[in-house]
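So you know, we letter chains A, B, ... as the sequences are listed, proteins then strands, and number each from 1.
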Amino acid sequence: MSAKSLFEKVWDRHIVVPETADTPAILYIDLHLVHEVTSPQAFSLLRDAGLRVRRPDLTLSTMDHSTPTIPVGSLKELKVVSEPAAFQQILQMERNCEDFGLELRGMDSDERGIVHVIGPELGATQPGKTIVCGDSHTSTHGALGALAFGIGTTEVAHVLATQCLLQRKPRTFAVNLRGRLPTGVTAKDIILAIIGRIGVDGGTGHAIEYRGSAVASLSIEERMTICNMAIEGGARTGMFAPDDATYEYLAGRPLSPQGADWDEALSRWRELPSDDGARFDKEVSIDVSSLRPMVTFGTNPGMVIPVDDVIPSPAGSDPGFAKALDYMALEPGRPLAGTPVDVVFIGSCTNSRLSDLKAAAGVIAGRQVADGVQMLVVPGSAKVKREAEAEGLPEVFEAAGAEWREPGCSMCLAMNGDYVPAGKLAVSTSNRNFEGRQGKGARTVLASPLTAAASAISGRISDPRPLVG
Amino acid sequence: MEPITEIRSRTAVLPLEDIDTDQIIPARFLRTTVREGLGENLFADWRYDSNGEKNTDFVLNRPEARGARILVAGRNFGCGSSREHAPWALLDHGFQAVISTEIADIFRNNSLKNGFLPVVADADIHGWLLANPGVELTLNVESRSLSLPDGRVTEFPLESFSRYCLLNGVDQLGFLLNHAGEISRFEKRAGA
Ligand code: SF4
């Protein structure tokens, strides 16, 4: 038998009907994550066709995108703080889950949070599973060795009704990571550097496997940050092979296998890593020990430089490049560090887990957010919030002048009341610096929690390395 | 879905590369629970200024773009978010196809499921289309071909199942539902 990659093993085990020249494969889905923004039209489709949800037990529903991050004690209060359309969407989600018999981790659930944060933390995300969600950052779950990718709303309906998807097999892409991260450089900087190297379309049509000697030293939460942004490099998904760190992370979580099932699962999971000699359609290698903290300067995540470099000039005449710099009000040839900052956002499915908040708090502790800078800290889930509270993190942030909020997507996509005002510059730990992503006219610089926190203190885009270690 | 065999139209040209789905339809318009009505806010932040007035410089607001059903865009069109609202907005506005040298995966998938044709052209043809906005083109789904007004005809890739679904207006959910037996057998075998 020929050597198989992690991706191929998971793919092959989920084939209901193999692909042919004329038809795509029918792929079975083990876990479907559903949220309020990309599902309403899918539920309508089921309703119109008189269909049920085939496997409510394999469907995990929550609300995160359009929920406010200001604390609310009741539906009435929710209505007051939400924008009307967002409020309707929240109500519609409650109704859809009720009508279709789905358990909803709703506004009052202590398991609510950003879908990509709660899947792993509940133990629902497991090695070897196929996982989909109407959200492109579903690749996050690949950190645990799952094959996880984003789908559209029509496909959400397909999975609700049949637990299957029609798929053509993507090609494979090995991203080899070696070396050890220097102090002050994080998983976020690794993935930004990868995207800078391969470009925002470098992974199109491919499933990435991150591999190599650096992997063992990366925590599961760091791997999630790296998988999260696979889509920003155009890839369908990103995965890490499961290892002892994965099993340790999953042991004892509410939805992880227990007892004899755990032992059985473990022996299955141990077979997943790519075989020696597995072949990949594409490969790139990065020495992480040479990396510096990365920051974006343009309007896509591929426009990225080390924080102590100058903003590059476009190669030849590139109207897109000029437009991006014009939008960002930045000039080529100048340093990006030192640019005044208006808003700092710590949150999103990329960087809102406990380790991210602790990293930011470590920089902030005993210091003050600069005058005129608004700093928002938004935990990824109710659980992260509780754990952060148990460690006293809200006090650290609030003493420095930052705001501590309720879990949700918040300023990452600005559809819930939190946004960056037009023309203002935000250093953000989220994943997209597209024009208007964080609010109409908002200028986004993507960075790690360390860089974001350091920039909050100085009020300027700053290298965090002098403040850590 | 209505069957589509051929799209014949003038083009509108948006030469920028990496046009992401946040530009096609910004997130604040996703607070809807229906598919209809998104066309009004297609490319909203480029089409309207901060007072909500039409930005007259923007390609789609110019008279020559009126009625164009084929959009020609720069490389890597539709990257970013998985929002199906993007093809819904393009369709609602009146577009039926986009031509680029590269089209992002999820956007491409979503488009095909809604009868919106994503066409990948080679750099020569694409360059010519960018330089000649407003030309009349024919896109034929049956023969997977793009015909230029000067008589040149080129083929574009279109996966055979998607082509079949477009030509016949086939709903892919129906296709999946027809395999319910296999799905049940798989669940039994896998213990799912
Ligand atoms: S945090 Fe941002 S990127 Fe992540 S799921 Fe929410 S909106 Fe999407």
Side-chain angles (χ1 to χ4, degrees), chain A residues 13 16-17 21-24 26 28 30 37-38 40-41 44-45 49 51 54-55 58 65-66 83 85-86 88-89 92 134-136 150-155 157-158 161-164 166 168 170 200-201 204-205 231 234 236 300 302 319-320 323 413-415 422 432 434-437 440-441, chain B residues 15-23 26-35 44-46 50 74-76 79-88 102-114 159-162 164 171-177 179-180 182-183 185-187 190 192:
Chain A
R13 285 176 197 184
V16 175
V17 177
D22 290 332
T23 50
I26 297 182
Y28 197 79
D30 295 320
V37 173
T38 55
Q41 296 87 348
S44 300
L45 222 145
L51 295 165
R54 183 182 174 96
R55 294 297 299 267
L58 302 182
H65 283 65
S66 58
E83 295 172 34
Q88 280 313 317
Q89 206 163 45
Q92 185 66 42
D135 189 286
S136 57
I151 56 177
T153 297
T154 300
E155 290 174 314
H158 291 178
T162 69
Q163 204 58 33
C164 288
L166 290 161
R168 288 282 177 194
V200 288
D201 56 355
T204 302
I231 179 75
R236 291 290 336 243
N300 72 51
K323 183 173 187 290
L413 91 167
M415 63 181 295
R432 288 194 171 133
F434 297 154
E435 278 185 33
R437 169 77 178 187
K440 188 170 175 165
Chain B
L16 291 172
E17 298 187 350
D18 304 316
I19 294 177
D20 58 77
T21 54
D22 272 84
Q23 303 321 312
R28 59 186 185 280
F29 303 113
L30 309 191
R31 291 178 288 210
T32 172
T33 53
V34 296
R35 294 163 185 248
D45 289 347
W46 292 343
S50 46
R75 189 175 56 85
N76 196 27
C79 59
S81 142
S82 64
R83 61 191 68 169
E84 200 159 318
H85 309 69
W88 293 339
E102 189 175 327
I103 294 176
D105 288 333
I106 307 181
F107 175 82
R108 179 186 170 78
N109 249 315
N110 286 340
S111 295
L112 288 165
K113 292 192 170 54
N114 288 277
E159 193 261 320
S160 49
F161 183 69
S162 298
Y164 169 82
D171 169 20
Q172 302 191 5
L173 178 55
F175 179 86
L176 276 170
L177 288 166
H179 288 81
E182 278 112 322
I183 298 171
R185 278 195 290 284
F186 178 91
E187 285 175 329

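- With a 4.5 angstrom heavy-atom cutoff, A:R54 touches chain B only via side-chain atoms.
- Looking at A:Q41, the atoms closer than 4.5 Å to chain B (heavy atoms on both sides) sit in the backbone and in the side chain alike.
- Chain A forms the most heavy-atom pairs under 4.5 Å with one residue out of B:N76, B:L16, B:I19, B:T21, and that residue is B:N76.
- Within the 4.5 angstrom heavy-atom criterion, atoms from both the backbone and the side chain of A:R437 approach chain B.
- One N or O on the side chain of A:Q89 and one on the backbone of B:L30 form a donor-acceptor pair closer than 3.5 Å.
- Among A:T154, A:T153, A:T38, the single residue meeting the side-chain hydrogen bond (donor to acceptor under 3.5 Å, both in side chains) criterion with B:E84 is A:T154.
- A:S44 has its side chain out of reach of B:R35: every pair of non-hydrogen atoms, C-beta onward, lies at least 4.5 Å apart.
- Between the side chain of A:E435 and the backbone N or O of B:Q23, no donor-acceptor pair lies under 3.5 Å.
- The backbone N or O of A:T204 lies less than 3.5 Å from no partner atom in the side chain of B:D105, so there is not a single donor-acceptor pair.
- Residue A:I26 touches chain B through its side chain alone, counting heavy-atom pairs closer than 4.5 Å.
- Per-residue counts of heavy-atom pairs under 4.5 Å with chain A were compared for B:N109, B:D22, B:N110; the largest is that of B:D22.
- Only the side chain of A:L45 comes within contact range of chain B, with at least one heavy atom under 4.5 Å from a heavy atom of that chain.
- Atoms CZ and CG, on A:F434 and B:D18 in that order, are 8.5 Å from each other to the nearest 0.5 Å.
- Both the backbone and the side chain of A:D201 have a heavy atom closer than 4.5 Å to some heavy atom of chain B.
- Here B:E187 pairs with A:R55 in a salt bridge; the nearest charged N to carboxylate O distance falls below 4.0 Å.
- For the options B:L177, B:T32, B:D20, heavy-atom pairs under 4.5 Å to chain A are most numerous at B:D20.
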Show your reasoning for whether side chain to side chain donor-acceptor pair (under 3.5 Å) applies to A:Q88 and B:T33.
CA-CA 8 Å; A:Q88 280 313 317; B:T33 53; over 6 Å; no

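- Residue contact with chain B, scored on non-hydrogen atoms closer than 4.5 Å, involves the backbone and the side chain of A:V16 alike.
- Options B:I106, B:I103, B:N114 differ in how many heavy-atom pairs under 4.5 Å they form with chain A, and the most are formed by B:I106.
- If you measure heavy-atom distances from A:A21 to chain B, the contacts under 4.5 Å come from the backbone alone.
- Of the atoms belonging to B:F175, it is side-chain heavy atoms, and not backbone ones, that fall under 4.5 Å from chain A.
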